[in-house]
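Everything numeric here is computed off the predicted structure, so don't read it as measured data.
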Protein chains: 2
Amino acid sequence: MGASYYQFCPVAKAMELLDERWTLLIVRELLSGSGRFNELRRGVPRMSPTLLSKRLNQLARAGVLTKKDDRYILTPAGEELRPVVEALAVWGVRWIGELGDQDLDPQLLLWDMRRNIVPGALPAHRTVILFAFPDVPARTRHWWLVLTPDNADVCDTDPGFEVSVTVTADLRDMVRIWRGDLSWPDALRSGALDLQGPETVRRTLPTWFALSPFAAVPRPAIHHVGGNS
Amino acid sequence: MGASYYQFCPVAKAMELLDERWTLLIVRELLSGSGRFNELRRGVPRMSPTLLSKRLNQLARAGVLTKKDDRYILTPAGEELRPVVEALAVWGVRWIGELGDQDLDPQLLLWDMRRNIVPGALPAHRTVILFAFPDVPARTRHWWLVLTPDNADVCDTDPGFEVSVTVTADLRDMVRIWRGDLSWPDALRSGALDLQGPETVRRTLPTWFALSPFAAVPRPAIHHVGGNS
DNA sequence: CTGCATCCGACTCGATACTG
DNA sequence: CAGTATCGAGTCGGATGCAG
């Protein structure tokens, strides 16, 4: 447990548990459907496994989750953290518009997109999307998304299948699209994003993905730069 | 600023600022109407003034508050943290029912009660309530609340006025009443709380205070002990 | 009284390597 | 796949001091 605040205030009692670094991000992952240890790790790749393990045990002791057969499951108390996480996300998307270059992790983006594929919107046959991020170091520049009607795989090495459509964009712009800061049509019009492939695929591709659940949150008139400085 | 999570996720970006110890409690105080440095201190008495100052500066840099003439004021971004704090309070009151003895700070209780006096419910003349907490060390056992129709003062030493009514209860029970875990009538019936004074005053006293804003939140059927262990 | 700055011990985090 | 072990660096928190 985090250190006590020595207050009976419910906010203080909640934060004793929840204000520790990484804790609510783990809850976010669990709310998004991840359950296994290494699945959770992919959602918090910069967290050491030691600390993840520690946090999971803390959350279990606090009654937020339980472990069953190598799967971590939210309890009702944990499920009820959804409004907290959602309120934070709404606030974050409205007031922390400026992202540092360090925040743009292509693996997290592809992982997120994979999670939010619209079931039933995909073509009936296997479709392979190649994402190319010219502004990213070679090592993580290319990503493949292998889509079949009932499965989706993210690869950071060429899986060997024929590419159906290539998406080229700066990673920053792809993230902005995903977050709802930039619309898909605007990105295409301005040239920030380029699609190469058969026209029918190019036209329907944007319908295959639901954007971030908070992409539609209305933004304030003025943004403040949340100082990474 | 807190350390970065290196994620574009809005929850992560929000938590970079908000997951640091004390930060959301300061926001809670500001949302409750406190504005001056030492007013804020009374809401977070265990926080060192150095750290409070540091956090206030961080929040100012992040655009959550501004300082004007020795008063800290929430910006629109700060005001929009209200849903976050409320969601946390609702969760806390539902799932962290067990309070440690250390959490029962009489000063915070009296301060909270003072803040939530129902305007217009008070008698027309000066009324003095003496709170006696037999389970508390002598130093902080007695508290006086001096009420006039347009003012209320908390004293930890006898202000000298005649006491209109004496409230005797274990601090834990008084806090439970305040949080909505125990009703005023139930406390009187069981003897957990005792009122001494004229009958009219004894009858109306419970109407002078609004309970904690989260006292009315429905509780889950089963509580989990949020381990202070 | 208000609003900080400095100093220092205790603790926590993060990086890396390692085990069943 | 699912975690543990170890250790240096950084941060928190409390005491103390000091300007306006």
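Using a 4.0 Å heavy-atom distance criterion, B:E20 is classed as a sugar-phosphate-only contact. Using a 4.0 Å heavy-atom cutoff across all strands shown, B:R41 reaches no nucleic acid atom at all. Within the nucleic acid shown, B:R71 has no heavy atom closer than 4.0 Å to any nucleic acid atom.
Between A:Q58 and A:R61, the side chains place no donor N or O within less than 3.5 Å of an acceptor N or O (distance only, hydrogens not considered).
Both the sub-6.0 Å distance and the 45° axial angle are satisfied by A:R46 relative to the ring of B:Y6. The cationic atom of B:R94 (NZ for Lys, CZ for Arg) does not lie both less than 6.0 Å from the six-membered ring centre of B:W91 and within 45° of the ring axis.
Here the C1' atom of nucleotide C:dT6 and the CG atom of B:L52 are 17 Å apart, to the nearest Å. B:R42 has its CZ atom 7 Å from the P atom of C:dT2, to the nearest Å. The nearest whole Å value for the distance from the CG atom in A:L56 to the C1' atom in D:dA2 is 11 Å.
Shown here for B:D135 and B:A169, the closest heavy-atom pair between the two residues is OD1-O, 4.4 Å. Taking all atoms of both residues into account, the shortest heavy-atom contact from A:D158 to A:W144 is N-CZ3, 3.4 Å. When every heavy atom of B:I129 is checked against every heavy atom of B:V167, the shortest pair comes out as CG2-CG2, 3.7 Å. Here the closest non-hydrogen pair linking B:T75 and B:G63 is OG1-O, 2.5 Å.
Within the 4.0 Å cut-off from OP1 or OP2 of D:dA2, at least one side-chain nitrogen or oxygen of A:N38 is found. At the phosphate of D:dG3, OP1 or OP2 sits under 4.0 Å from a side-chain N or O atom of A:Y72. Taking only side-chain nitrogens and oxygens, A:R55 comes nearer than 4.0 Å to OP1 or OP2 of C:dC13. Dashed line: the shortest gap from a side-chain N or O of A:K54 to OP1 or OP2 of D:dA5 is not under 4.0 Å. Residue A:R46 places no side-chain N or O under 4.0 Å from the OP1 or OP2 atom of C:dG14. Not one side-chain nitrogen or oxygen of A:W22 sits closer than 4.0 Å to the OP1 or OP2 atom of C:dC13.
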Review item, nucleotides 15-19 of chain D N/O atoms under 3.5 Å of protein N/O:
{"unit_1": "D:dA15", "atom_1": "N6", "unit_2": "B:T50", "atom_2": "OG1", "d": "3.3"}

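An angle of 40°, rounded to 10°, separates the two end axes of the helix from C:dC1-D:dG20 to C:dG20-D:dC1, each defined over five pairs.
At a threshold of 4.0 Å, the pair A:R41-A:E29 does not count as salt-bridged, since none of the basic side-chain nitrogens sits closer than that to a carboxylate oxygen.
Looking at residues two or more places apart in sequence or on another chain, you find a side chain to side chain contact (heavy atoms under 4.5 Å, CB included) between A:L108 and A:P45, A:D105, B:Q7, B:F8.
Positionally, the nearest nucleotide of DNA chain D for A:F37 lies more toward the 5' end than for the other of A:F37 and A:A3.
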